[in-house]
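Start at 1 and go down the list; that is how both ligands and their atoms are numbered.
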Amino acid sequence: MNYYIASDHAGFALKGRIVFRLGKKYDFFDLGVFTDERVDYPKIAIDISKKVASEKGALGVLVCGTGNGMSIVANKVKGARAAVIYDGFTAKMARQHNNANIACLGARNIAEQVAVALVKDFLE
Ligand code: RB5
(Lines give C-alpha, C1' and ligand atoms only; values in the text may rest on other atoms or scores of the structure.)
Protein backbone atom coordinates (compact mmCIF):
# COMPACT_ATOMS: atom_id res chain seq x y z
CA MET A 1 0.00 0.00 0.00
CA ASN A 2 1.35 3.44 -0.89
CA TYR A 3 1.19 6.46 1.36
CA TYR A 4 1.43 9.93 -0.14
CA ILE A 5 1.94 13.22 1.64
CA ALA A 6 2.10 16.80 0.39
CA SER A 7 1.62 20.33 1.62
CA ASP A 8 1.65 23.94 0.59
CA HIS A 9 3.95 26.51 2.19
CA ALA A 10 1.68 26.82 5.23
CA GLY A 11 1.90 23.10 5.87
CA PHE A 12 5.51 22.58 4.88
CA ALA A 13 7.01 22.52 8.39
CA LEU A 14 4.29 20.31 9.83
CA LYS A 15 4.53 17.92 6.89
CA GLY A 16 8.22 17.54 7.65
CA ARG A 17 7.47 16.74 11.27
CA ILE A 18 4.85 14.16 10.31
CA VAL A 19 7.26 12.46 7.92
CA PHE A 20 9.99 12.56 10.57
CA ARG A 21 7.75 11.11 13.26
CA LEU A 22 5.82 8.54 11.23
CA GLY A 23 8.07 7.88 8.26
CA LYS A 24 9.60 4.71 9.69
CA LYS A 25 6.22 3.03 9.90
CA TYR A 26 4.68 4.66 6.82
CA ASP A 27 7.09 4.96 3.94
CA PHE A 28 5.57 8.19 2.57
CA PHE A 29 6.07 9.37 -0.97
CA ASP A 30 6.64 13.03 -0.21
CA LEU A 31 5.30 15.00 -3.16
CA GLY A 32 6.44 18.34 -1.76
CA VAL A 33 6.60 21.18 -1.29
CA PHE A 34 10.17 21.23 -0.10
CA THR A 35 10.49 24.88 0.94
CA ASP A 36 8.19 27.34 2.67
CA GLU A 37 8.10 29.58 -0.39
CA ARG A 38 4.52 30.67 -1.12
CA VAL A 39 2.73 28.40 -3.61
CA ASP A 40 -0.81 27.84 -4.84
CA TYR A 41 -2.20 24.78 -3.09
CA PRO A 42 -4.70 23.58 -5.77
CA LYS A 43 -2.05 22.05 -8.03
CA ILE A 44 -0.54 20.16 -5.11
CA ALA A 45 -3.92 18.84 -4.02
CA ILE A 46 -4.78 17.71 -7.55
CA ASP A 47 -1.44 15.94 -8.04
CA ILE A 48 -1.67 13.84 -4.90
CA SER A 49 -5.37 13.15 -5.39
CA LYS A 50 -4.79 11.74 -8.86
CA LYS A 51 -2.16 9.39 -7.48
CA VAL A 52 -4.28 8.23 -4.55
CA ALA A 53 -7.38 7.83 -6.72
CA SER A 54 -5.55 5.73 -9.31
CA GLU A 55 -4.00 3.23 -6.88
CA LYS A 56 -6.14 0.74 -5.02
CA GLY A 57 -5.67 1.10 -1.28
CA ALA A 58 -3.44 4.17 -1.48
CA LEU A 59 -3.83 6.83 1.20
CA GLY A 60 -2.86 10.48 1.19
CA VAL A 61 -2.20 13.23 3.68
CA LEU A 62 -2.47 16.89 2.72
CA VAL A 63 -1.38 19.73 4.97
CA CYS A 64 -2.23 23.38 4.37
CA GLY A 65 -3.15 26.22 6.69
CA THR A 66 -6.56 24.89 7.67
CA GLY A 67 -7.05 21.67 5.71
CA ASN A 68 -10.09 23.20 4.04
CA GLY A 69 -8.56 24.45 0.81
CA MET A 70 -6.79 21.18 0.12
CA SER A 71 -9.94 19.17 0.76
CA ILE A 72 -12.13 21.33 -1.47
CA VAL A 73 -9.72 20.83 -4.36
CA ALA A 74 -8.91 17.17 -3.68
CA ASN A 75 -12.59 16.26 -3.81
CA LYS A 76 -12.83 17.48 -7.38
CA VAL A 77 -10.73 14.51 -8.50
CA LYS A 78 -12.80 11.42 -9.32
CA GLY A 79 -12.03 8.67 -6.84
CA ALA A 80 -10.52 11.01 -4.26
CA ARG A 81 -12.42 11.21 -0.99
CA ALA A 82 -10.79 13.86 1.15
CA ALA A 83 -11.83 14.65 4.70
CA VAL A 84 -10.65 17.41 7.01
CA ILE A 85 -9.49 15.85 10.26
CA TYR A 86 -9.04 17.87 13.42
CA ASP A 87 -9.47 15.47 16.33
CA GLY A 88 -9.25 11.77 17.04
CA PHE A 89 -12.91 11.21 16.24
CA THR A 90 -12.85 12.87 12.84
CA ALA A 91 -9.59 11.12 12.00
CA LYS A 92 -10.99 7.66 12.72
CA MET A 93 -14.47 8.29 11.29
CA ALA A 94 -12.99 9.64 8.08
CA ARG A 95 -11.87 6.10 7.29
CA GLN A 96 -14.53 4.07 9.05
CA HIS A 97 -17.66 6.01 8.07
CA ASN A 98 -16.62 8.07 5.07
CA ASN A 99 -14.15 5.71 3.44
CA ALA A 100 -11.89 8.71 2.95
CA ASN A 101 -8.61 8.05 1.21
CA ILE A 102 -7.09 11.47 1.87
CA ALA A 103 -6.78 13.27 5.19
CA CYS A 104 -6.47 17.05 5.14
CA LEU A 105 -5.25 18.95 8.16
CA GLY A 106 -4.37 22.45 9.14
CA ALA A 107 -0.92 23.46 10.27
CA ARG A 108 -2.25 26.74 11.61
CA ASN A 109 -4.77 25.22 13.98
CA ILE A 110 -3.29 21.88 15.02
CA ALA A 111 -0.17 21.41 17.14
CA GLU A 112 2.50 18.98 15.95
CA GLN A 113 1.89 16.40 18.64
CA VAL A 114 -1.83 16.29 17.90
CA ALA A 115 -1.32 16.31 14.13
CA VAL A 116 1.00 13.31 14.30
CA ALA A 117 -1.53 11.40 16.41
CA LEU A 118 -4.37 12.27 14.00
CA VAL A 119 -2.44 11.13 10.96
CA LYS A 120 -1.59 7.90 12.75
CA ASP A 121 -5.26 7.38 13.63
CA PHE A 122 -6.26 8.01 10.03
CA LEU A 123 -3.65 5.71 8.50
CA GLU A 124 -4.35 2.89 10.91
C1 RB5 B 1 -2.19 29.62 2.52
O2 RB5 B 1 -1.91 30.85 3.02
C3 RB5 B 1 -3.55 29.13 2.99
O4 RB5 B 1 -4.56 29.86 2.40
C5 RB5 B 1 -3.72 27.67 2.68
O6 RB5 B 1 -2.68 26.96 3.28
C7 RB5 B 1 -4.96 26.98 3.19
O8 RB5 B 1 -5.19 27.28 4.54
C9 RB5 B 1 -6.16 27.07 2.44
O10 RB5 B 1 -7.15 26.44 2.81
Side-chain angles (χ1 to χ4, degrees):
M1 178 195 272
N2 284 334
Y3 301 99
Y4 294 95
I5 191 165
S7 74
D8 68 358
H9 55 285
F12 163 69
L14 182 59
K15 171 175 68 72
R17 297 305 300 165
I18 292 168
V19 171
F20 179 76
R21 300 273 299 275
L22 298 178
K24 274 207 177 100
K25 183 160 186 192
Y26 303 101
D27 192 12
F28 291 107
F29 285 99
D30 187 342
L31 303 182
V33 296
F34 300 106
T35 73
D36 62 1
E37 194 178 324
R38 184 169 284 275
V39 289
D40 288 332
Y41 62 81
K43 186 187 175 312
I44 296 155
I46 294 285
D47 285 350
I48 195 171
S49 299
K50 282 183 175 167
K51 284 199 183 297
V52 170
S54 67
E55 289 177 30
K56 197 171 162 47
L59 292 173
V61 176
L62 279 168
V63 191
C64 65
T66 61
N68 283 333
M70 288 291 202
S71 73
I72 289 167
V73 177
N75 281 315
K76 294 188 187 304
V77 173
K78 192 170 188 288
R81 297 176 301 280
V84 177
I85 61 170
Y86 51 88
D87 60 14
F89 188 65
T90 51
K92 285 178 191 152
M93 289 303 113
R95 291 286 302 286
Q96 289 175 21
H97 283 199
N98 308 117
N99 194 22
N101 51 11
I102 298 174
C104 302
L105 61 160
R108 291 178 177 153
N109 62 320
I110 303 176
E112 174 187 329
Q113 197 81 350
V114 177
V116 169
L118 299 189
V119 171
K120 204 160 164 261
D121 280 346
F122 178 81
L123 297 178
E124 280 170 8

Checklist entry - Given Ile44 and Met70, is the side-chain contact (heavy atoms from CB on, under 4.5 Å) satisfied, shown in steps? => result CA-CA 8 Å; Ile44 296 155; Met70 288 291 202; 3.9 Å; yes
Checklist entry - Should we count CD of Glu124 as having more than 12 external heavy atoms under 6.0 Å? => result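 Above 12, so yes.
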Atoms of ligand 1, numbered as shown, that sit under 4.0 Å from any heavy atom of [X]:
| X | result |
| --- | --- |
| Asp8 | 1 (C), 5 (C), 6 (O) |
| Cys64 | 6 (O), 7 (C), 8 (O), 9 (C), 10 (O) |
| Ala10 | 6 (O) |
| Arg108 | 1 (C), 2 (O), 3 (C) |
| Thr66 | 8 (O), 10 (O) |

For [atom], the protein heavy atom that lies nearest, with its residue and separation:
| atom | value |
| --- | --- |
| atom 1 (C) of ligand 1 | His9 NE2, 3.6 Å |
| atom 9 (C) of ligand 1 | Tyr41 CE2, 3.5 Å |
| atom 10 (O) of ligand 1 | Gly69 N, 2.9 Å |

Next on the checklist: One pair to check against side chain to side chain donor-acceptor pair (under 3.5 Å): Ser71 and Asn68. What are the steps and the verdict?
Outcome noted: CA-CA 5 Å; Ser71 73; Asn68 283 333; 4.7 Å; no
Next on the checklist: Would Leu14 and Glu112 count as a side-chain contact (heavy atoms from CB on, under 4.5 Å) here? Give the steps.
Outcome noted: CA-CA 7 Å; Leu14 182 59; Glu112 174 187 329; 4.2 Å; yes
Next on the checklist: Between Asp47 and Lys43, does any NZ, NE, NH1 or NH2 come within less than 4.0 Å of an OD or OE carboxylate oxygen?
Outcome noted: yes
Item to check | Closest non-hydrogen atom pair, Ala53 against Ala80 | outcome: CB-N, 3.9 Å
Checklist entry - For Gly65, is at least one N or O under 3.5 Å away from an N or O on ligand 1? => result yes
Checklist entry - Yes or no on side-chain contact (heavy atoms from CB on, under 4.5 Å) for Arg95 and Leu59, after CA distance, side-chain angles and deciding distance? => result CA-CA 10 Å; Arg95 291 286 302 286; Leu59 292 173; 3.4 Å; yes
